[in-house]
Number of protein chains: 2
Amino acid sequence: MSSTILDALSSRVEERGFRSTAPRRDVLTAVSQQRGPFSPEEIAAQLPMVGRATVYRTIRLLLDLGLVCRVPLEGGGVRYLVSVQGHHHHLVCISCGQIRDLGDCAVTEWVEKLAQRARYQLHGHMLEIYGRCERCQERARPVRAR
Amino acid sequence: MSSTILDALSSRVEERGFRSTAPRRDVLTAVSQQRGPFSPEEIAAQLPMVGRATVYRTIRLLLDLGLVCRVPLEGGGVRYLVSVQGHHHHLVCISCGQIRDLGDCAVTEWVEKLAQRARYQLHGHMLEIYGRCERCQERARPVRAR
DNA sequence: TTGGGTGCAAACAGTTTGCATTTTC
DNA sequence: GAAAATGCAAACTGTTTGCACCCAA
């Protein structure tokens, strides 16, 4: 399961010429094992033997390589998520914090037209959708994730 | 011009029962005079006589009242913007940092359908478009705003 | 007069960086 | 052996908070 993800991360990182070190492998392993969104701090807590800076540096590397994405929350916080796929959006549960990937981006065309009309050289766009997932509605859970 | 904005901010703040104090008026005035996006730090710098905490508290108040919006940048930063109007999106120039409001939100319908399909109780959505404005393309300016 | 608002400083969260040391290629 | 990566601690950015004091309603 997650070893597939780990393989994907590892191979893409090495492909680009980055070295395979023990701490880096540890971070990749931990990240690939996360089932949902995570914070660098959580990864660091799971890997006491790895320096905090290395955790941040590695996550940043994954971010730059497009293997992880940063998901902004409604209230200003941020969470990270493995994303081996390309451009996509998210459905964020404001109660339990679960984040679901939205594969198809139906707004691209609209965004392109808009940018063209405004004479902007388009660089990218970000779309996040916030709501409460089915389970949280049933359990009447309070809003947690800021 | 901006006095209209100031009036709008002031009246809405007082309408809700918040007191009119000198520091608060100072912040409202400064915020209403910003032509583009701003940071609390910039407002604080313009108002040395007002405590930093009050600046943050007042901007937060405006945020809660929906009179100012927080605009996330591509790289993780944030800027603030006066927004007397309701729900809308932004066109952000990644070079000069200019932010243009996009009045019409054409994605609402699509977002609603998506949430429905995923059985999410929709709470809101966020859409930001990043690119380079016409002037920055001409001047071949480098990317600045993170 | 009283509760909301303020200022200050300290605390805080999240993240980056300088630098000497270690490791991989 | 050279370049890359690490670990630590310190620095930094952006923001919130505790608390004594102040002032608008």
Side-chain angles (χ1 to χ4, degrees), chain A residues 9-11 13-31 37-65 68-81 97 144-146, chain B residues 9-31 34 37-65 68-81 97 144-146:
Chain A
L9 297 185
S10 309
S11 58
V13 166
E14 288 184 45
E15 266 169 24
R16 308 253 186 149
F18 294 99
R19 294 181 179 175
S20 172
T21 66
R24 189 167 276 168
R25 277 188 303 258
D26 289 345
V27 175
L28 293 191
T29 302
V31 163
F38 59 87
S39 68
E41 219 54 45
E42 285 164 12
I43 300 295
Q46 291 168 35
L47 304 173
M49 69 294 265
V50 177
R52 198 181 249 69
T54 297
V55 171
Y56 275 96
R57 281 190 276 237
T58 306
I59 291 178
R60 195 177 207 237
L61 174 64
L62 294 175
L63 215 44
D64 291 344
L65 296 181
V68 146
C69 53
R70 194 202 312 267
V71 184
L73 304 184
E74 253 186 325
V78 201
R79 304 235 73 198
Y80 295 82
L81 202 62
R144 266 194 173 197
R146 23 158 208 164
Chain B
L9 297 184
S10 310
S11 59
R12 299 213 199 173
V13 166
E14 288 185 46
E15 266 168 24
R16 308 252 186 149
F18 295 98
R19 295 184 178 170
S20 172
T21 65
R24 190 167 275 168
R25 278 188 304 259
D26 289 345
V27 175
L28 293 190
T29 301
V31 163
Q34 301 308 118
F38 59 88
S39 68
E41 220 54 45
E42 285 163 12
I43 301 295
Q46 290 168 35
L47 304 172
M49 69 295 264
V50 178
R52 198 181 248 68
T54 296
V55 171
Y56 276 96
R57 281 191 275 236
T58 305
I59 291 178
R60 196 177 206 236
L61 174 64
L62 294 175
L63 215 43
D64 292 344
L65 295 181
V68 147
C69 51
R70 193 202 314 266
V71 184
L73 303 185
E74 254 187 324
V78 201
R79 304 236 73 198
Y80 295 83
L81 203 62
R144 267 193 172 199
R146 26 162 206 162

**OP:** Mark yes when over 12 heavy atoms from residues, nucleotides or ligands other than B/Arg52 sit less than 6.0 Å from its CZ; otherwise mark no.
**Re:** no

**OP:** Could you please name the option among C/dT17, D/dT16, C/dT16 that lies closest to any side-chain atom of B/Arg60?
**Re:** D/dT16

Subject >> B/Leu28 side chain reached by B/Leu62 side chain, heavy atoms, under 4.5 Å >> reply: yes

Original post:
OP1 or OP2 of D/dC8 sitting under 4.0 Å from any side-chain N/O of A/Arg52?
Top reply: no

**OP:** Using whole Å, report how far CD1 of B/Ile43 lies from P of D/dT15.
**Re:** 12 Å

Original post:
Between A/Val71, A/Ile59, A/Val31, which is the residue that forms a side chain to side chain contact (heavy atoms under 4.5 Å, CB included) with A/Tyr80?
Top reply: A/Ile59

**OP:** Using atom CD of B/Glu42 as one end and atom P of D/dT15 as the other, report the distance to the nearest whole Å.
**Re:** 11 Å

Original post:
CG of B/Asp64 versus P of C/dG5: gap in Å, rounded?
Top reply: 12 Å

Original post:
If you find the nucleotide of DNA chain C closest to A/Ala22 and the one closest to A/Tyr80, which residue's nucleotide is nearer the 5' end?
Top reply: A/Tyr80

Subject >> Base of D/dG7 paired with side chain of A/Arg57 (donor-acceptor, under 3.5 Å) >> reply: yes

Original post:
In whole angstrom, what separates A/Arg19's CZ from C/dC25's C1'?
Top reply: 5 Å

Subject >> Separation of atom CZ in A/Arg16 from atom C1' in D/dA4, rounded to whole Å >> reply: 18 Å

Subject >> Gap between atoms OH and P, on A/Tyr56 and C/dA13 respectively (whole Å) >> reply: 11 Å

Original post:
Quick one: does B/Arg24's side chain have a donor or acceptor within less than 3.5 Å of a partner on B/Arg19's backbone?
Top reply: yes

Original post:
Nearest to the side chain of B/Phe18 - C/dT6, D/dG7, C/dG5?
Top reply: C/dG5

Subject >> Value in whole Å for how far the P atom of D/dA25 lies from CZ of B/Arg24 >> reply: 10 Å

Original post:
Rounded to the nearest 0.5 Å, what separation is found between the CG atom of B/Leu61 and the CZ atom of B/Arg12?
Top reply: 13.0 Å

**OP:** Let me know the distance between CG of A/Asp26 and C1' of D/dG7, rounded to the nearest Å.
**Re:** 14 Å

Subject >> Sugar-phosphate only, base, or nothing, as touched by B/Ser39 at under 4.0 Å among non-hydrogen atoms >> reply: nothing

Subject >> Of B/Met49 and A/Thr21, the one whose closest DNA chain C nucleotide lies more 5' >> reply: B/Met49

**OP:** Would you kindly compare B/Glu41 and B/Glu14 by the position of their nearest DNA chain D nucleotide and give the one closer to the 5′ end?
**Re:** B/Glu41

